[in-house]
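Note that the structure is a prediction, hence the values are computed from the model and not measured. Counting starts at 1 for both ligands and their atoms, in listed order. The residues of the chain are indexed from 1 along the displayed sequence.
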Amino acid sequence: MLILTLESTCDETAAAIIDEQRGVLGSTVASQEELHQKFNGVVPEIAARAHLERILPVIHETLAKANVELKDLSAIGVATTPGLAGSLLVGLVAAKTLSWLLNLPLIAINHLHAHVYACQFAREETIFPCVGFIVSGGHSHLYECRDPFSFEYMGGTIDDAAGECFDKVASMLDLPYPGGPALSQLAKTGNPKAYRFPRPLLKETRIAFSFSGLKTAVRYMIAGPGQKEVTASHLSPGERADIAASFEAAVADCLVGKAIQAVKRTGVPRLCVGGGVASNTTFRHQLEQACESHNIECLIAAPELCTDNAVMGAIALERLRAGHVESLDLDVRPGLVRHSQ
Ligand code: KG4
Ligand code: ZN
């Protein structure tokens with residue numbers, strides 16, 4: 001079975017061709033970073049238009065890389081939830097058109113489930129059951145995952161997502177968008193103990209994150225209370241690096257602490273982590289160490305599979321095998337649906 005998967009939930013246009021036996025035959029990710037940079041965040045209308053321009057070249061490039069023709073495909077998978085409505089629609093219309101023209105099964109992919117499924121490429125046996133942890137630009141959520149079709153929401157952020165917080169703090173430190181990678185680079189030269197930023201909700205028993213207070217604490221540290229303009233120009237390079245490292249340490253403590261708490265609650269000793277922030281090396285090391293000391297099997301998606309891509313859409317093969325095929329009435333669902341589907 002050979003599947004073409006499409007991903008256009010936010011600002012990456014991606015396609016992959018995955019063979020049930022041979023694995024990934026081709027994968028392409030077209031980033032829109034440069035289009036959104038000057039706005040310091042993703043502009044939905046610009047993202048949708050850029051997907052429209054890129055989706056066909058991305059599909060062609062992926063077919064060429066995989067040395068596959070459209071007639072060789074057995075199914076089309078597409079991420080339909082959650083994401084930006086206009087962006088999701090571009091992928092869905094492309095997938096429906098191919099499914100209709102080639103008379104192939106159409107498979108819906110939940111983008112968050114796919115982020116967890118990226119860990120399947122790091123394990124021979126199935127990753128299920130597991131606790132799934134998504135730490136991305138839009139989401140910081142923990143799920144109890146019994147099988148590829150039942151993801152039960154355990155808890156998540158009550159305000160900002162971890163990645164969003166990285167991006168905002170990076171912007172306060174005058175770093176370019178997307179801030180996560182730039183901030184973690186800067187943090188490498190800083191002292192994580194230089195500033196003691198808050199670890200919201202860490203000591204509470206509920207499975208939840210809150211990053212907006214942490215963001216405000218960093219803001220006050222940089223600009224001083226009550227200042228409307230936030231700029232890091234008055235800080236020395238060493239101070240900026242120390243703030244970055246101390247902030248990163250606070251986020252990592254919250255993420256790692258809650259993930260361990262969630263795993264203990266379920267009794268399932270396997271944690272599968274994906275999403276852009278999971279490519280952060282401080283977080284990865286800290287999580288691996290914590291899991292080791294608690295006897296938890298820790299799977300973190302390979303860095304190139306943490307940020308948005310279509311390879312993680314391989315979860316569509318599981319759906320195809322189980323007969324979860326959609327009709328051409330399939331629609332996008334931009335908002336987050338917390339319970340399994
Ligand atoms: O999963 P993703 O590509 O897109 C969403 O589905 O949201 O995640 C993007 C997020 C951005 O907020 C980006 O700043 C963050 O992941 N990110 C990082 C790192 N690389 C990407 N955050 C911290 N450290 C990194 N190395
Ligand atoms: Zn994502």
A.B. asks: Identify, for atom 18 (C) of ligand 1, the protein heavy atom at the shortest distance, and state residue, atom and that distance.
C.D. replies: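 Heavy-atom neighbour on the protein nearest atom 18 (C) of ligand 1: G180 CA, 3.6 Å.
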A.B. asks: Rounded to the nearest 10 degrees, what's the angle NE2 of H115 makes with NE2 of H111 at the Zn ion (ligand 2)? Could you check?
C.D. replies: 90°
A.B. asks: Say whether S210 and D159, considering side chains only, have a donor N or O and an acceptor N or O under 3.5 Å apart.
C.D. replies: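 S210 vs D159: donor-acceptor pair found between side chains.
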A.B. asks: Under 3.5 Å, is there a donor-acceptor pair linking the side chains of T282 and E248?
C.D. replies: yes
A.B. asks: Look only at interatomic distance and state if P178 has a nitrogen or oxygen under 3.5 Å from any nitrogen or oxygen of ligand 1.
C.D. replies: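 It does not: no N or O of P178 is found under 3.5 Å from an N or O of ligand 1.
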A.B. asks: May I ask you to identify, for H111, whether its side chain, its backbone, both or neither come under 4.0 Å of ligand 1 on a heavy-atom basis?
C.D. replies: side chain
A.B. asks: Is it the side chain (CB and beyond), the backbone, both or neither of P181 that lies under 4.0 Å from ligand 1, heavy atoms counted?
C.D. replies: both
A.B. asks: Do E144 and R265 sit within salt-bridge range, that is, some charged N less than 4.0 Å from a carboxylate O?
C.D. replies: no
A.B. asks: Is the closest basic N to carboxylate O distance between E204 and R206 below 4.0 Å?
C.D. replies: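 Yes, charged N to carboxylate O under 4.0 Å.
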A.B. asks: Please confirm if an N, O or S atom belonging to C10, backbone or side chain, lies less than 2.8 Å from the Zn ion (ligand 2).
C.D. replies: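 No.
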A.B. asks: Which ligand 1 atoms does G163 reach within 4.0 Å, using its non-hydrogen atoms?
C.D. replies: 12 (O)
A.B. asks: Show me which atoms of ligand 1 lie under 4.0 Å from any heavy atom of T307.
C.D. replies: 3 (O)
A.B. asks: Examine the side chains of T5 and E7 and answer whether a donor and an acceptor come within less than 3.5 Å of each other.
C.D. replies: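 Judged by distance alone, the side chains do not pair up.
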A.B. asks: We want to know whether Q289 and H285 form a side-chain donor-acceptor pair, criterion being a heavy-atom distance below 3.5 angstrom.
C.D. replies: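 Short answer, no.
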A.B. asks: Near G138, which atoms of ligand 1 are under 4.0 Å from a heavy atom of that residue?
C.D. replies: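 It comes down to these atoms of ligand 1: 7 (O).
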A.B. asks: Check the side chains of S8 and H51 for a donor-acceptor pair under 3.5 angstrom, ignoring hydrogens and angles.
C.D. replies: no
A.B. asks: What distance separates S136 OG from H115 NE2, expressed to the nearest 0.5 Å?
C.D. replies: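 Separation between the atoms: 5.0 Å.
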A.B. asks: Under 3.5 Å between some N or O of ligand 1 and some N or O of E12?
C.D. replies: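 The answer is no, given that E12 and ligand 1 share no N or O pair closer than 3.5 Å.
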A.B. asks: Among all protein non-hydrogen atoms, which one is nearest to atom 24 (N) of ligand 1, and what is the separation to 0.1 Å?
C.D. replies: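 For atom 24 (N) of ligand 1, the nearest protein heavy atom is N280 ND2, 3.0 Å.
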A.B. asks: Return yes when S279 approaches ligand 1 closer than 4.0 angstrom through a heavy atom, no otherwise.
C.D. replies: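 S279 counts as a contact of ligand 1 under the 4.0 Å cut-off.
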A.B. asks: In ligand 1, which numbered atoms sit nearer than 4.0 Å to a non-hydrogen atom of H115?
C.D. replies: 1 (O), 6 (O)
A.B. asks: With a 4.0 Å cut-off on N to O distance, would you call E164 and K168 a salt bridge?
C.D. replies: yes
A.B. asks: Could you pull out, from D167, D11, L183, the option with a heavy atom nearest to atom 14 (O) of ligand 1?
C.D. replies: D167
A.B. asks: Quick test: of every protein heavy atom, which one is nearest to atom 4 (O) of ligand 1, and how far off is it to 0.1 Å?
C.D. replies: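 Going by distance alone, atom 4 (O) of ligand 1 is nearest to D308 OD2, 3.3 Å.
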A.B. asks: Between the Zn ion (ligand 2) and D308, which N, O or S atom of the residue is the nearest one?
C.D. replies: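 The closest N, O or S atom of D308 to the Zn ion (ligand 2) is OD1.
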A.B. asks: Against heavy atoms of C306, which atoms of ligand 1 measure under 4.0 Å?
C.D. replies: 1 (O)
A.B. asks: Will you find, in the side chains of S27 and K65, an N or O donor that is under 3.5 Å from an N or O acceptor?
C.D. replies: no
